[in-house]
Amino acid sequence: AALEKHGNTWRMIHREAVGNDRQVEVTTGTLERLFPAVRIRAEADRAEFAITGGLGYVPISFCGLNSYRGYALYEKARGQEIEMDQSVHGNDYWQTDYDDASGTYTLTYSVPLDSPDDRPAPRRFLFRRNR
């Protein structure tokens, strides 16, 4: 919609600059960086956080994990935990990396953060092992 409305104008670059001014508030875990991917060090295999801002699909990484298996990312909305599952062929919606030096894993999800009319609003997430 933004491209149709503002294509070939300076407004698209302005939208990207303003819309990608992400704010991240971590309540469980530690924020390690905002760009290019949000990177959160999990605490006891868990992270809770809120993101305000972000356009399109934003990579969010969780590091310091003991395994790459059994985790899920949930959006907390309307009193519920809604699993972020974008799979087409199973577990094809996240990426894993192994850090040989620390013996830990990092999982990265691409999360759609667009908001109606590009009005940033906080969105709350929970990353944890599946129950």
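Computed over heavy atoms, backbone and side chain alike; hydrogens, waters and symmetry mates excluded. Here, residue 1 is the first one in the sequence, and each next residue gets the next number.
- Here Ile60 contributes atom CD1 and Met84 contributes atom CE; the two are 7.5 Å apart, rounded to the nearest 0.5 Å.
- With hydrogens and angles ignored, the 3.5 Å screen pairs a side-chain donor or acceptor of Arg22 with a backbone N or O of Leu34.
- Dense packing is recorded around NE2 of His6, with more than 12 heavy atoms of other residues, nucleotides or ligands lying under 6.0 Å away.
- When atom types are taken as modelled, the side chain of Thr30 and the backbone of Arg41 share no donor-acceptor pair closer than 3.5 angstrom.
- For the pair Phe127 and Ile40, the minimum side-chain heavy-atom distance is 4.5 Å or more.
- Within the 3.5 Å criterion, the main-chain N or O of Leu55 finds no donor-acceptor partner in the side chain of Asp114.
- Taking the six-membered ring for Trp, Tyr71 and Phe62 have ring centres at least 6.0 Å apart.
- A heavy-atom distance below 4.5 Å is not found between the side chains of Thr108 and Thr96.
- Distance CD/Glu48 to OG1/Thr27: 4.5 Å, rounded to 0.5 Å.
- Residues Glu81 and Leu126 meet the side-chain proximity criterion, which asks for heavy atoms closer than 4.5 Å.
- Between the OH atom in Tyr105 and the CG atom in Asp45 there is a gap of 12.5 Å [rounded to 0.5 Å].
- Side-chain atoms of Arg15 and Trp10, non-hydrogen and from C-beta on, never get closer than 4.5 Å to each other.
- Distance check, rounded to the nearest 0.5 Å: CG of Asp99 to OG1 of Thr104 gives 5.0 Å.
- When the shell of 6.0 Å around CZ of Arg124 is examined, it contains 12 or fewer heavy atoms from other residues, nucleotides or ligands.
- Side chain of Thr9 to main chain of Arg11: a donor-acceptor pair is present (N/O by atom type, distance under 3.5 Å, no hydrogens or angles).
- Note that CG of Leu107 is 9.5 Å distant from CD of Gln95, once rounded to the nearest 0.5 Å.
- Applying the 6.0 Å contact sphere to CZ of Arg69 captures no more than 12 heavy atoms from other residues, nucleotides or ligands.
- With rounding to the nearest 0.5 angstrom, the CG atom of Asp97 is 13.0 Å from the OH atom of Tyr68.
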Next item on the list: List the steps, then state whether side-chain hydrogen bond (donor to acceptor under 3.5 Å, both in side chains) holds for Asp85 with Tyr74.
Entry: CA-CA 9 Å; Asp85 184 355; Tyr74 299 87; over 6 Å; no
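- By the 6.0 Å contact criterion, CD on Glu16 is enclosed, its count of non-hydrogen atoms from other residues, nucleotides or ligands being greater than 12.
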